[in-house]
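Order of the sequence lines sets the chain letters (A, B, ...), proteins ahead of strands, with each chain counted from 1.
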Amino acid sequence: MKEESLWFIFINASLINNFVLAYFLGICPFLGVSGKMETASKMGAAVTFVMIISSVCAYGIHLLLVAINAPFLQLISYIVVIASTVQLVEMIIKKMSPALFRSLGIFLPLITTNCAILGVALFQTSKGYGLAESLAYSFGAGAGFTLALVLMAGLREQLDFADVPKVVKGTAITLLIAGILSLTFMGFSGLGS
Amino acid sequence: MTILIALLSLGGLTLFLAVMLIIANKKLYVYEDPRIDEVEAMLPHANCGACGYPGCRPFAEALVKGEMLPGKCSVSSEDGRNAIAAYLGVDAGMEEKRVARLACAGGSNVAVVRAEYEGLSSCRGAALISGGGKGCSWGCLGHGDCEKVCDFDAISMNEFGIPIVDEAKCTACGDCVEVCPKDLFSLHPISHRLWVACKSLEAGDGVLEDCEVGCTACGKCAMDAKGDLITMKYNLPVINYSANHQTQVPIQRCPTGAIVWLDEKQGPIKGAEAKKIIRKGKLKMGES
């Protein structure tokens with residue numbers, strides 16, 4: 001396998017193989033918290049934070065598990081680490097900004113079971129990334145997730161002023177827009193090859 | 001051996017994380033008054049902002065702190081307000097009910113439209129294009145932004161495109177005041193009966209070319225009213241509600257019926273000399 005540059009890993013995770021729009025991971029907060037720009041960007045920041053922390057932890061745990069010859073514990077260890085990180089983020093947000101805590105609502109604890117985060121941890125292990133590469137990968141994945149969320153929130157805020165036909169109002173038009181957004185991100189797929 | 005390794009490593013990991021979380025919980029603990037949740041549950045959850053706070057929760061916090069009295073919430077019922085007052089052991093602090101009132105009566109049967117607007121069905125949209133198509137630059141555009149924004153179904157557009165406020169349902173939340181691009185709505189105590197239903201700053205017959213019920217600034221109401229009850233300012237009568245305003249005298253000689261008496265039961269009453277409006281259809285474009 002040829003050595004990938006950190007920059008390429010970042011672009012790859014954020015644009016070319018965007019977690020939400022190309023891998024369809026983490027769809028639940030993507031549709032749930034993308035109603036408002038402000039909440040969307042902060043949710044993106046929270047998810048990125050959890051991704052980076054859990055990615056570093058996953059790197060350390062993977063080394064440890066290989067050393068003690070117990071790679072079958074990989075999945076459960078990752079899950080435990082992610083759940084604890086989310087708990088920590090929840091405490092921090094509740095302390096720093098109670099208003100944000102309420103507006104994120106159920107989607108904050110739901111980061112625990114966000115497949116995008118477990119996806120980052122598992123992908124980086126299977127790709128055999130080192131620490132720096134893991135960081136670039138998780139940061140790229142987080143940036144890509146935030147980008148998708150913010151784009152969606154911007155579109156949905158504009159949509160509030162649009163004359164939407166009655167049949168597609170609400171969830172239907174949101175999913176249609178998500179589809180078109182995904183279509184545009186397919187345009188990145190030739191990049192870097 | 002494998003089982004031992006698995007147990008030890010996973011146990012160690014979870015123990016480590018648990019200790020971290022316990023420390024974080026101690027460091028980041030936030031005390032919240034449990035009464036805030038209770039009071040919030042008793043509020044109407046309209047999050048309308050009529051009380052002057054961003055939503056019901058900040059209002060509940062202010063109530064618990066004693067900065068506000070439950071009466072400031074104009075949406076909850078009297079029983080609800082009294083329940084909160086009893087729970088917190090404070091005075092309910094009743095305020096007079098206020099309602100939104102519209103300073104325009106120029107429906108499509110009396111007010112001329114000079115240009116047809118075809119676009120987004122919204123007053124704010126129409127107002128962007130040189131103030132909308134209506135002859136009168138101050139009048140109601142009639143696309144019903146206020147009807148759409150009202151969370152309490154208190155506003156409905158009548159057949160001539162003028163919003164009618166259901167005073168029983170109106171909670172004085174102020175959403176319509178904010179949304180109207182012509183600033184025609186304002187909140188008034190329900191006991192205010194004298195009302196100027198026009199905002200045109202023009203004077204004389206020029207007003208009538210655009211609208212049959214506009215104020216021509218003739219000043220008869222100001223002359224008939226006692227003392228300083230009504231003064232003319234920028235070609236409009238201004239009612240001084242701190243004076244004795246419970247009188248129908250000023251509306252009697254109004255030639256167009258722009259100043260009205262909002263009767264509790266019958267709705268707006270015009271003076272005896274006001275021109276009767278019998279047209280039931282829409283005015284044609286540019287017709288006056």
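Applying the 6.0 Å contact sphere to CG of Leu7(B) captures more than 12 heavy atoms from other residues, nucleotides or ligands. Heavy-atom neighbours of Lys94(A) NZ from other residues, nucleotides or ligands within 6.0 Å: at or below the threshold of 12. With a 6.0 Å radius and a threshold of 12 heavy atoms from other residues, nucleotides or ligands, Glu159(B) has its CD atom above the threshold.
The shortest side-chain heavy-atom distance between Ile76(A) and Leu10(B) falls under the 4.5 Å cut-off.
Atoms CZ and OG1, from Phe72(A) and Thr2(B) in turn, are 6.0 Å apart once rounded to the nearest 0.5 Å. With rounding to the nearest 0.5 angstrom, the CD1 atom of Ile68(A) is 8.5 Å from the CG atom of Leu8(B). Interatomic distance, Ser9(B) OG to Asn69(A) CG, rounded to the nearest 0.5 Å: 11.5 Å. Note that CG of Leu17(B) is 11.0 Å distant from CD of Gln87(A), once rounded to the nearest 0.5 Å.
With a 4.5 Å cut-off on non-hydrogen atoms, Leu64(A) does not touch chain B at all.
Taking all atoms of both residues into account, the shortest heavy-atom contact from Ser77(A) to Leu13(B) is CB-CD2, 3.8 Å. Minimum interatomic distance between Leu73(A) and Ala6(B) (heavy atoms only, all atoms of both residues): CD1-CA, 3.6 Å. Pairing each heavy atom of Leu21(B) with each of Met91(A), the nearest pair is O-CE, 3.9 Å. Taking every heavy atom of both residues into account, Lys27(B) and Lys95(A) meet most closely at O-NZ, 4.3 Å.
The candidate with the highest count of non-hydrogen atom pairs below 4.5 Å against chain A, out of Arg124(B), Arg57(B), Met20(B), is Arg57(B).
Residues forming a ring-ring contact (aromatic ring centres under 6.0 Å, His included) with Phe139(A) (at least two apart in sequence, or on another chain): Phe10(A).
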